[in-house]
Amino acid sequence: MRPEITLPLKKQAAEKMKKGFPLIEVSALAKKLPPIEEGSIVHLCDEAGTFIGKGYYGKQNKGIGWMLTNQKADEINHSFFVNRIKTAFEQRKSLFQDPTTTAFRLFNGEGDGMGGLTIDYYNEFYVFTWYSEGIYEFRTDVYKAFQQVQSFKGIYEKKRFASKGEYVEDDDFVMGERGEFPLLVKENDIQFAIYLNDGPMVGVFLDQREVRKRIKDTYAKGKTVLNTFSYTGAFSVAAAIGGATKTTSVDLAKRSLPKTIEQFSVNGIDYEAQDIVVMDVFNYFKYAKKKELSFDLVILDPPSFARSKKHTFSAAKDYTGLLQEAIALTEKNGVIIASTNCSTFNMGKFHKFIKEAFQKEKLNYEILEQYTLPRDFKTTKAFSEGDYLKVVFIKVKG
Ligand code: SAH
């Protein structure tokens with residue numbers, strides 16, 4: 001039996017959680033947290049003892065666990081997990097049926113009713129990412145439930161519950177067959193080479209699927225493209241397939257060079273006709289200015305926070321400056337795709353950064369369109385922090 005414990009919540013927090021806010025925060029507790037084991041079942045109630053919901057204790061970067069249900073009769077057991085997983089499969093039916101796409105998110109934590117766990121699909125393989133020791137305590141039950149719902153080639157897992165949520169180094173293979181890597185997956189007929197057993201990141205960020213499609217279908221043809229913070233060059237590949245005259249990918253990490261070559265190559269694109277630059281983006285901006293380079297399409301997708309030798313970049317503080325640098329390199333009537341996965345500010349604030357940057361550069365602009373998370377990255381209204389992605393297409397005018 002799992003330990004079970006009742007946690008009364010302060011009035012305001014109780015109201016919020018009654019409306020569906022699923023994250024359990026230390027500041028919500030009406031009393032000091034008693035000694036408690038990771039993976040304990042918690043019963044949440046208000047100060048009068050009225051039931052609010054059931055969840056588990058699991059210390060994460062943010063919060064100390066998640067509410068899993070507001071139904072008193074629900075037990076957190078095999079059939080609970082089977083139901084959650086079945087529902088997730090049903091809601092991704094159209095993606096499973098789409099022959100042009102074999103990589104997407106199957107299960108998105110709290111959006112699918114179970115905070116602390118995500119499951120991604122890569123061409124008959126699944127990757128489970130566990131975000132706390134607490135949720136990992138349920139691993140055996142969850143895998144058993146998953147096996148009951150779905151057949152698969154193999155399962156890998158990522159443990160992201162070291163002190164600050166970073167990746168725990170391990171053999172990530174769990175069960176089934178081991179994959180042969182790179183595993184080739186498709187996304188709207190773009191191929192990606194994926195590695196499921198080589199660190200926390202597998203080679204592509206699945207949440208940008210719609211943005212890559214849009215670049216490929218609508219924005220790339222006949223354009224010169226600068227892709228900054230390019231990682232494995234996924235946006236560059238989409239642009240090249242879409243008919244870009246040339247792409248330039250810039251990333252600081254040495255591994256980005258062979259990884260980007262590989263992504264071009266698996267799509268039959270001659271990587272030698274593209275530029276792949278291993279460099280600090282901020283140095284590249286200086287270099288490009290000196291050489292008077294300019295681009296029709298500039299993509300900005302920085303991490304929320306990054307420290308390089310000379311620069312510390314924080315999206316919440318420095319995005320306006322980053323946009324100014326990009327504006328300077330963008331052709332008139334060109335387009336900037338500004339993206340951020342930073343959850344500490346919302347779309348409204350992001351628009352303010354954009355406005356500020358153009359004001360400072362004394363140029364006009366037009367917002368063409370914008371994206372948040374795609375439907376497979378299911379979110380819940382009550383937890384808007386979960387909808388972290390913000391992507392804005394901006395036309396640079398005179
Ligand atoms: N746009 C990518 C994902 C970006 S991940 C995609 O769609 O796949 C963030 C990347 O930024 C990492 O690859 C990291 O190496 C890179 N990075 C962080 N700081 C940087 C800097 N100052 N200059 C260049 N690249 C940087």
Side-chain angles (χ1 to χ4, degrees), residues 103-105 120 122 166-167 182 185 187-188 190-195 198-216 219-220 225-242 244 247-264 266-267 274-288 295 297-319 321-323 325-326 329 336-343 371 373-374 377 388-393:
F104 51 86
R105 179 149 292 187
D120 291 325
Y122 299 98
E166 71 262 35
Y167 172 72
V185 302
E187 183 200 83
N188 297 307
I190 306 171
Q191 307 261 10
F192 289 115
I194 298 293
Y195 294 80
D198 186 23
M201 300 198 288
V202 304
V204 67
F205 290 103
L206 297 175
D207 53 4
Q208 298 277 11
R209 180 179 66 248
E210 290 171 347
V211 178
R212 283 187 285 264
K213 181 170 175 9
R214 197 73 176 137
I215 291 172
K216 169 171 78 96
Y219 285 88
V225 179
L226 174 64
N227 179 14
T228 62
F229 307 94
S230 57
Y231 180 46
T232 61
F235 286 129
S236 309
V237 171
I241 293 175
T247 67
T248 302
S249 307
V250 183
D251 197 291
L252 186 65
K254 286 205 178 70
R255 60 160 201 270
S256 69
L257 176 62
K259 293 279 183 194
T260 304
I261 289 176
E262 181 178 44
Q263 302 296 19
F264 278 126
V266 298
N267 285 285
Q274 314 292 329
D275 274 345
I276 306 167
V277 185
V278 176
M279 199 190 272
D280 189 314
V281 160
F282 296 95
N283 292 338
Y284 183 81
F285 287 142
K286 282 186 201 138
Y287 162 86
F295 301 86
L297 181 63
V298 176
I299 301 164
L300 302 173
D301 184 28
S304 296
F305 192 82
R307 188 172 280 146
S308 64
K309 277 189 200 126
K310 285 198 188 140
H311 269 99
T312 301
F313 176 85
S314 148
K317 286 198 193 118
D318 305 319
Y319 213 109
L322 177 65
L323 275 161
E325 301 268 19
L329 295 185
I336 295 173
I337 300 177
S339 169
T340 179
N341 60 6
C342 187
S343 59
Y371 289 82
L373 285 174
F377 282 67
Y388 56 83
L389 188 70
K390 296 166 275 294
V391 186
V392 183
F393 288 51

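One-based numbering, in listed order, for ligands and for the atoms of each.
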Pi-cation contact, Tyr195 with Lys259 (under 6.0 Å, within 45°): yes
Asp280 touching ligand 1 at heavy-atom level, < 4.0 angstrom: yes
Within-4.5 Å side-chain heavy-atom neighbours: Leu226 and Tyr284: yes
Side-chain touch Phe377/Leu206, heavy atoms, less than 4.5 angstrom: yes
Heavy-atom nearest neighbour in the protein, as seen from atom 8 (O) of ligand 1, with distance rounded to 0.1 Å: Tyr231 CD2, 3.4 Å
Ligand 1-proximal atoms of Phe313, by part, heavy-atom distance under 4.0 Å: neither
Heavy-atom side-chain proximity of Val211 to Phe393 below 4.5 angstrom: yes
Protein heavy atom at shortest distance from atom 25 (N) of ligand 1: Leu252 N, 3.1 Å
Region of Met279 engaging ligand 1 - heavy atom pairs below 4.0 Å: backbone
Protein contact to atom 15 (O) of ligand 1 [nearest heavy atom, distance to 0.1 Å]: Asp251 OD1, 2.7 Å
Gap separating the CG atom of Asn267 from the CD1 atom of Ile241, nearest 0.5 angstrom: 4.0 Å
Ala306 neighbourhood, listing ligand 1 atoms whose heavy-atom distance to it stays under 4.0 Å: 18 (C), 19 (N)
Tyr122 vs Val202 side-chain heavy atoms within contact, under 4.5 Å: yes
Polar atom proximity, Phe229 to ligand 1 (N or O, under 3.5 Å): yes
Protein contact of atom 1 (N) of ligand 1 - nearest heavy atom, named by residue and atom, plus distance: Asp301 OD2, 2.7 Å
Phe229 and Phe282 aromatic ring geometry - parallel, tilted or perpendicular at 30°/60° bounds: perpendicular
Protein heavy atom at shortest distance from atom 9 (C) of ligand 1: Pro303 CD, 3.8 Å
Identity and distance of the protein heavy atom lying nearest atom 7 (O) of ligand 1: Phe235 CE1, 3.3 Å
Pro182 and Glu262, any side-chain heavy atoms less than 4.5 Å apart: yes
For Val281, atoms of ligand 1 separated by under 4.0 Å from a heavy atom: 21 (C), 23 (N), 24 (C)
Heavy-atom nearest neighbour in the protein, as seen from atom 5 (S) of ligand 1, with distance rounded to 0.1 Å: Phe205 CE1, 3.8 Å
Salt bridge (Lys or Arg N to Asp or Glu O under 4.0 Å) partners for Glu325, two or more places apart: Lys289
